[in-house]
Amino acid sequence: MKFVVQVRLFPTPAQEAALADTLRLCNEAANLVAGIAWQTKTFRNYDLRRHTYGRLKEMGLSAQPAQHVIKKVTDAYTTVKAQAKAKLRKPLAKPVAFRADAAQPFDDRCLSWQTAERTVSIWTTGGRMKGVRFGCSDEQAHALAAYRKGESDLIHRDGLWLLIATCDIPDTEVIEPDGFLGVDLGIANIATTNDGEHHSGKHLNAVRHRNRELRRRLQAKQTKSAKRLLKARRRKEARFARDVNHVISKQIVTEAARTGRGIALEDLQGIRERVRLRRPQRVTLHSWAFHQLGAFIAYKAARAGVAVVHVDPAYTSQGCSACGHIDKKNRPDQATFSCMSCGFAEHADVNAARNIAARGVASWAVSHAADDAA
Ligand SMILES: [Zn+2]
């Protein structure tokens, strides 16, 4: 199972200057290579290397960065051509171009991680630079130390220096689940389990509402500084949501592991359409945040050997988890479930989570019946 870890670098002013110079040079080189590829109609890595390698060395790139620049260019052409073929964009009319601060990949020979010290050593145009500090959570540090594989991308975005690393966790043996913990995703309660555990979105929603007000005022201004402030706000909100998702996913996986159960989640395709909400709430619904929570749960569960199944979310909120009766009227209001047929009453989110848990059990049984037959 692959996932990315993004960490922020905290370079000293001298280190920052070297990083900036490195990105600039790599992208200048990439634009040069892209131009030569275009003129000579050379788009294959090996052929392009013969045409450009000498020039890149002259520019001050050492062997590995030069090869990464060439690969970055051939990859870009491959992508663009595939997109044009799929009619997702027009065919190229001029060489592909790279921004001065476009991402640059570094392999293990050009970038090494000292995870315990929270530093990296990285190749720059000014030579090898050691002891560049970075920040990350303990969990990210563990993932980097244990599972990081391949190249990492150096990125400069909104004034921040970032490294994006790919981690690959080997699949652990999934423990045969004894029942399922059903998780319902929502707005007021970000996640509710069939055990009746609510993971509140109160703080997160408060932050979002505050930011929405601020956004309205800033958007009216239209100035450069207002735009910058808006961007910074959005990122801060995203960071906050990520922290909340980490906490919730950890609690859910811990609970499932402790009780020997698997985890049943809604299949998130189309969650925006499914969740019908009053207008003010609709603004706070960010489907990416749900997808992120799902991804965090999947990742933590995989590490713990906890089974995860995704179930069809249709009617999980209107259907009775006691008798199966489906009726809109079963939901007199947002928070309440009260069955018109059998009289079963429960918090609406808990009822939905019970339905999801039941579908998890059914789905597991079906997929394992297939395994047994095979
Ligand atoms: Zn009922």
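Counting from 1, the numbers follow the sequence of the chain as shown. For ligands, and for the atoms within them, numbers begin at 1 and follow the listed sequence.
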Number of protein N, O or S atoms [distance to the Zn ion (ligand 1) under 2.8 Å]: 4
Would Asp108 and Arg148 count as a salt bridge (Lys or Arg N to Asp or Glu O under 4.0 Å) here? Give the steps. CA-CA 10 Å; Asp108 287 352; Arg148 194 191 56 76; 3.2 Å; yes
Check this for me: does any side-chain nitrogen of one of Arg261 and Asp178 sit under 4.0 Å from a carboxylate oxygen of the other? no
Salt bridge (Lys or Arg N to Asp or Glu O under 4.0 Å) partners for Glu28, two or more places apart: Arg24
Are Lys149 and Tyr147 in a cation-pi contact, defined as NZ or CZ under 6.0 Å from the six-membered ring centre and within 45° of the axis? no
Rounded distance [0.5 Å steps], CZ in Arg44 versus OG1 in Thr78: 11.5 Å
Mind checking whether Phe296 and His246 have ring centres under 6.0 Å apart? yes
